[in-house]
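Report on one structure; see the data block that follows.
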Amino acid sequence: MTLQPFLPDDPQPLTDAMPSSDAQLSELRSLYERVRGLERMKSTLLDIAAHDLRNPIGAIRNLAEMMLKTDALTPERYTAMMQDILSAANDAARIIDDLLILQRIDRGERDATFRSVELGALLRGAVQKQLARVEQRHQALRTQYAGEPAVVLGEPALLREAFVNVLDNAVKYTPDGGEIGVKLVITVDNAFIDVTDSGVGFAPDEAALIFEPFYRGRIGIAKGIPGTGLGLHIVKQVVEQHGGGVSAVSQPGGGSTFSIVLPLLSSLIRA
Ligand code: ADP
């Protein structure tokens, strides 16, 4: 990953940047906020690259070294080691995908590609992606979709990623045999998506923290459930960039509900 330095190529002398009016002062302030945001994002991305990619890449290296050193691997051992390599490579690929999405969001690229998107179809597609895992874990999945199209203005790939992250967590943090519910309803102005599960939950004081980059809840860590702490941060960024919001409530040990609200395209046109 190559990250560009966020310094201007040709920095202005400080005196030239001195504000001479309120408008200039506010422009300078907003520029300063933007640079600070970019700096934060740069260090976030570097942190992810440094810490999170080390584990899967280290695992791949160790396994490959072991395979090269061992003369006669049984076919079963060979298959098991190759599966571990594949799983570590998938983890690394997932982290890189997350990084690229964060970078795209940060660049503000998505505005140019916003178009009308029907959330029902998008959500159905995201649910479909989880079906094999849900079945494997003997979880019960209930879905309820709005009777009418839920059309918003947005970037389908980013919205799909946001839904996939929330659904992926619901499956991951719910033990075998648990329940997951997905609901999409619309009102005059908004689409509401609720993903409910009967899983391990998180502590009430973590309700805001879990949307911070890298934050991993105590219960998930204690139970050894793997993760990077990036998924919900991406969800929040994507949803907010579509003019919406996301929140979560939970009872430790008694499940969680993640709620996303997005403004309908019709409400934007009326505004
Ligand atoms: P990750 O799952 O990789 O740790 P996320 O950013 O997706 O990262 O989630 C942040 C934290 O929020 C998780 O570590 C977990 O504590 C909590 N969390 C997210 N989804 C759920 C869920 N469905 N049930 C319980 N806890 C959850």
Side-chain angles (χ1 to χ4, degrees), residues 40-41 44-45 47-56 59 87-88 90-103 105-106 123 126-127 129-131 133-134 136-143 158-183 193-241 245-260:
R40 255 199 315 269
M41 179 58 78
T44 304
L45 293 178
D47 281 351
I48 303 165
H51 296 112
D52 292 276
L53 281 175
R54 271 178 95 111
N55 292 338
S87 145
N90 283 337
D91 286 348
R94 177 71 201 245
I95 292 168
I96 289 166
D97 285 349
D98 282 354
L99 286 176
L100 292 175
I101 283 179
L102 281 175
Q103 204 178 38
I105 291 171
D106 183 56
L123 194 57
V127 167
K129 264 186 91 168
Q130 302 295 332
L131 288 184
R133 279 176 70 220
V134 166
Q136 207 177 20
R137 307 200 59 179
H138 306 290
Q139 292 165 339
L141 175 69
R142 281 169 293 102
T143 53
L158 291 180
L159 288 169
R160 188 181 302 109
E161 179 71 17
F163 295 157
V164 165
N165 283 353
V166 175
L167 291 166
D168 192 70
N169 280 345
V171 178
K172 182 167 79 168
Y173 290 103
T174 301
D176 290 3
E179 287 172 20
I180 293 166
V182 179
K183 188 164 81 173
I193 297 113
D194 279 352
V195 176
T196 307
D197 65 60
S198 64
V200 298
F202 54 85
D205 64 315
E206 295 180 306
L209 290 172
I210 56 174
F211 294 98
E212 294 291 316
F214 302 118
Y215 188 85
R216 302 217 56 229
R218 297 190 289 274
I219 298 177
I221 293 175
K223 291 194 176 291
I225 299 171
T228 60
L230 270 177
L232 287 183
H233 178 60
I234 289 177
V235 173
K236 186 170 189 290
Q237 296 277 322
V238 168
V239 167
E240 287 182 355
Q241 257 146 12
V246 56
S247 59
V249 288
S250 177
Q251 283 289 327
S256 314
T257 297
F258 285 80
S259 303
I260 293 175

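What you see below is based on every heavy atom in this structure, not just the backbone, and it leaves out hydrogens, waters and symmetry mates. Numbering of ligands and ligand atoms starts at 1, following listing order. These numbers were taken from a predicted model, which means no experiment stands behind them.
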Nearest protein heavy atom to [atom], by residue and atom, and its distance?
{"atom": "atom 5 (P) of ligand 1", "result": "L232 N, 3.6 Å"}
{"atom": "atom 7 (O) of ligand 1", "result": "N169 ND2, 2.8 Å"}
{"atom": "atom 3 (O) of ligand 1", "result": "T228 N, 2.7 Å"}
{"atom": "atom 23 (N) of ligand 1", "result": "D197 OD2, 2.9 Å"}
{"atom": "atom 21 (C) of ligand 1", "result": "Y173 CD1, 3.5 Å"}
{"atom": "atom 10 (C) of ligand 1", "result": "Y215 O, 3.4 Å"}
{"atom": "atom 4 (O) of ligand 1", "result": "R216 NE, 2.5 Å"}
{"atom": "atom 17 (C) of ligand 1", "result": "I210 CG2, 3.9 Å"}

For [X], take its heavy atoms, then give the atoms of ligand 1 lying under 4.0 Å from any of them.
{"X": "K172", "answer": "1 (P), 2 (O), 3 (O)"}
{"X": "S256", "answer": "24 (N), 25 (C)"}
{"X": "F202", "answer": "26 (N)"}
{"X": "G229", "answer": "1 (P), 3 (O), 4 (O), 6 (O), 8 (O)"}
{"X": "G231", "answer": "5 (P), 6 (O), 7 (O)"}
{"X": "L230", "answer": "6 (O), 8 (O)"}
{"X": "F258", "answer": "19 (C), 20 (N), 21 (C), 22 (C), 23 (N)"}
{"X": "G217", "answer": "11 (C), 13 (C), 14 (O), 15 (C), 16 (O)"}

Mark yes or no for whether [X], through its side chain, and [Y], through its backbone, hold a donor-acceptor pair below 3.5 Å.
{"X": "S198", "Y": "E179", "value": "yes"}
{"X": "R137", "Y": "T174", "value": "yes"}
{"X": "S250", "Y": "F202", "value": "yes"}
{"X": "E206", "Y": "A203", "value": "yes"}

Item checked: From N165 atom CG to K236 atom NZ, the distance as rounded to the nearest 0.5 Å ->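 Here the interatomic distance stands at 15.0 Å.
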Checklist line | Nearest-0.5 Å distance, OG1 of residue T196 to CD1 of residue I180 | finding: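 The OG1 atom of T196 sits 10.0 Å away from the CD1 atom of I180.
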Check: Does L53 reach the side chain of D91, with side-chain heavy atoms less than 4.5 Å apart?
Finding: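 Answer no - side chains too far apart.
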Checklist line | Within 6.0 Å of NZ in K172, more than 12 heavy atoms from elsewhere | finding: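 Yes, NZ of K172 has more than 12 neighbouring heavy atoms, counting only those of other groups under 6.0 Å.
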Margin query: I'd like to know whether D168 forms a salt bridge (charged side-chain N to carboxylate O under 4.0 Å, His left out) with R133, so could you lay out the CA-CA distance, the side-chain angles of the two residues, the decisive distance to 0.1 Å, and finally the verdict.
Written below: CA-CA 9 Å; D168 192 70; R133 279 176 70 220; 2.7 Å; yes
Next item on the list: Give me the ring orientation class for F211 and F258: parallel if the planes are under 30° apart, tilted from 30 to 60°, perpendicular past 60°.
Entry: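 Taking F258 first and then F211, their aromatic rings stand perpendicular (interplane angle over 60°).
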Checklist line | Short side-chain donor-acceptor distance under 3.5 Å, S259 and D194 | finding: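 Note: D194 and S259 side chains meet the donor-acceptor criterion.
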Margin query: Measuring from non-hydrogen atoms of G201 to any atom of ligand 1, is the shortest distance under 4.0 Å?
Written below: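 G201: in contact with ligand 1 (<4.0 Å).
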